[in-house]
Amino acid sequence: MPTIRIPVGPLFSFRECRWFLHRNFDDCMHVVEEDQVKKALLIDGHLLLVSLSEEKEALRVQVLKGPDTPALRKAVTDYITDWWDLDRDLLPFYQQIAKHKQLAYMAADYKGLRLLGMPDLFEAISWAIIGQQINLSFAYKLKRRLVEKYGTHLDHEGSKHYLFPSPEALMRATPEDLRAMQFSQQKIRYLLTVAEAFFSGGISKQELIALPDFAARQQALLALKGVGIWTANYALMKSLKEPGSIPHGDAGLLNALLAHSLIKDKSDLRAIERLFAKFAGWESYLVIYLWRSLAKMD
DNA sequence: AACCAGGCGCATG
DNA sequence: CATGCGCATGGT
């Protein structure tokens, strides 16, 4: 079986990354097992199934299904490196965390946790819209209904592994179908608008990356109906890996800040600004680690 | 059984 | 510019 080894440094933990992908939710975009994570990928027009597992000082990637060529191996390596943010040197972030009284414990407790991205920008924006203002359990259910109806899949050992629907596939959804899946009328409109914007070429990840700066990328996303500051920044953080992106107003983020007594209440914007100023260039990592801290023990 | 969910757009003061 | 409201429904 084709196997790829991607070397990783000391600030990497397969266990922490695997845990974040699982988190007691039922995310249909990957399958998390005891010692591996499986995911279907569309790379250079090829549908592949890969399995990630832990190896000494490396991440082992096995191609369980799909063609095997040197070019594809390279593309798979690039994809995983982006998805698990393997190229980033976390040392500066850890040095900053260590200086912070209330947060210093995270460097030890969550050591090696990476920003698990969403390389597909359309997926990141759609997922953010789905998750707006509802609890995550419900949001994952909505996503699963959408993906199982409009996404393509690959069969392997009796289970299906899904890709997020393409904009074109989602455009075929009718408002009635989506309503029957319990999407609200607003979310239906937002999702179909975003699908249309991606399909018609009004927006794409490549074009966004080509824009001069963060503010310009943010503005391009905010032009979409249903995309506010939270959704735009979430997508920029998860898909474009903007290190300074903060999903402002995020309910989980505010709760984590409250739990650490870092803010006096949820409208304490000045304290939030002060905290993030200490993590300039690492704001998105701070958000990830604060989200991590919300977990109930299991 | 209220109240809150990984918000947003739109209508009012 | 700031504040309020409806959205839809699952968790706790």
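Keep in mind that what you see is a predicted model, and the values were worked out from it rather than measured. Letters A, B, ... are given to chains in the order of the sequence lines, protein chains preceding strands, and every chain is numbered from 1.
When ring centroids are compared, A/Y105 and A/H260 come within the 6.0 Å threshold. Centroid-to-centroid, the aromatic rings of A/W84 and A/F14 come within less than 6.0 Å. In this structure, the ring of A/F164 has its center no less than 6.0 angstrom from the ring center of A/Y150.
In this structure, A/R179 forms no cation-pi arrangement with A/F183, as its terminal cationic atom is not both closer than 6.0 Å to the ring centre and no more than 45° off the ring axis. Stacking of A/K39 on the aromatic ring of A/W83 is recorded, both the 6.0 Å distance cut-off and the 45° axial limit being met.
In this structure, CG of A/L294 is placed 10 Å from P of B/dA5, rounded to the nearest angstrom. One interatomic measurement links the two molecules: CD of A/Q133 to P of C/dC7, which rounds to 13 Å at whole-angstrom precision. What separates CD1 of A/I134 from C1' of B/dC8 is a distance of 13 Å, to the nearest Å. Between A/W230 atom CH2 and B/dA5 atom P there is a gap of 13 Å when expressed in whole angstrom units. Atom CZ in A/F25 sits roughly 11 Å away from atom P in C/dG11 (whole-Å rounding). Straight-line distance from the CZ atom of A/R145 to the C1' atom of C/dG10: 10 Å, rounded to whole Å. Rounded to whole angstrom, the span from the CZ atom of A/R189 across to the C1' atom of B/dC10 amounts to 10 Å. At whole-Å resolution of the value, CZ in A/R23 and C1' in C/dG11 are 16 Å apart.
Salt-bridge formation is not detected for the pair A/K65/A/D155: no Lys NZ or Arg NE/NH1/NH2 atom is positioned less than 4.0 Å from an Asp or Glu carboxylate oxygen. Comment: A/D78 engages A/K74 in a salt bridge, judged by a side-chain N to carboxylate O separation of less than 4.0 angstrom. A salt bridge links A/R292 to A/E16: at least one charged side-chain nitrogen sits closer than 4.0 Å to a carboxylate oxygen.
A distance-only check finds a donor-acceptor pair linking the side chain of A/R114 to the backbone of A/L11 [under 3.5 Å]. Counting only distance, with no hydrogens or angles, the side chain of A/K241 and the backbone of A/D82 share a donor-acceptor pair below 3.5 Å.
Contacts with DNA chain C (heavy atom under 4.0 Å) in residues 175-182 of chain A: A/R179, A/Q182, listed by number. Contacts between residues 272-283 of chain A and DNA chain C, counted as heavy-atom distances below 4.0 Å, involve no residue at all.
Comparing atom distances between the A/K225 side chain and each of C/dG10, B/dC8, B/dG9 picks out B/dG9 as nearest. Checked against C/dT9, B/dA5, B/dG9, the side chain of A/K266 finds its nearest nucleotide in B/dA5. Of the candidate nucleotides C/dG11, C/dA8, B/dG9, C/dG11 has the atom nearest to the side chain of A/S137.
Residue A/I229 is classed as a sugar-phosphate contact, given heavy-atom separations below 4.0 Å to backbone atoms only. Using a 4.0 Å heavy-atom cutoff across all strands shown, A/I130 reaches no nucleic acid atom at all. Within the 4.0 angstrom heavy-atom criterion, only backbone atoms of the sugar-phosphate kind lie near A/Q132; the bases stay farther away.
Judged by closest nucleotide on DNA chain B, A/N135 is the one of A/G226 and A/N135 placed further toward the 5' end. Between A/K141 and A/F183, the one whose closest nucleotide on DNA chain C sits nearer the 5' end is A/F183.
Defined by atom type and a distance below 3.5 Å, a donor-acceptor pair is present between the side-chain atoms of A/R145 and A/Q182.
Under a cut-off of 6.0 angstrom, the local environment of NZ in A/K111 is sparse, with at most 12 non-hydrogen atoms contributed by other residues, nucleotides or ligands.
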Table of protein N/O atoms under 3.5 Å from nucleotides 1-6 of chain C N/O atoms:
none

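A/K141 pairs by the salt bridge (Lys or Arg N to Asp or Glu O under 4.0 Å) definition with nothing, not counting sequence neighbours. For A/D68, the side chain to side chain contact (heavy atoms under 4.5 Å, CB included) partners at least two apart in sequence or on another chain are A/P2, A/R73.
Put simply, A/K187 has no side-chain N or O that comes within less than 4.0 Å of OP1 or OP2 on C/dT9. OP1 or OP2 of B/dA5 has at least one side-chain nitrogen or oxygen of A/N255 nearer than 4.0 Å.
The P atoms of B/dC10 and C/dA8 are separated by 15 Å, rounded to the nearest whole Å. Nucleotides C/dC5 and B/dC4 have their P atoms positioned 14 Å apart, rounded to a whole Å.
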Each base of DNA chain C marked ( ) or [ ] if paired in-strand (Watson-Crick or G-U under 3.5 Å), | if paired to another strand and . if unpaired gives |||||||.||||
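Across all their heavy atoms, A/D268 and A/I263 have their closest contact at OD2-CA, 3.7 Å.
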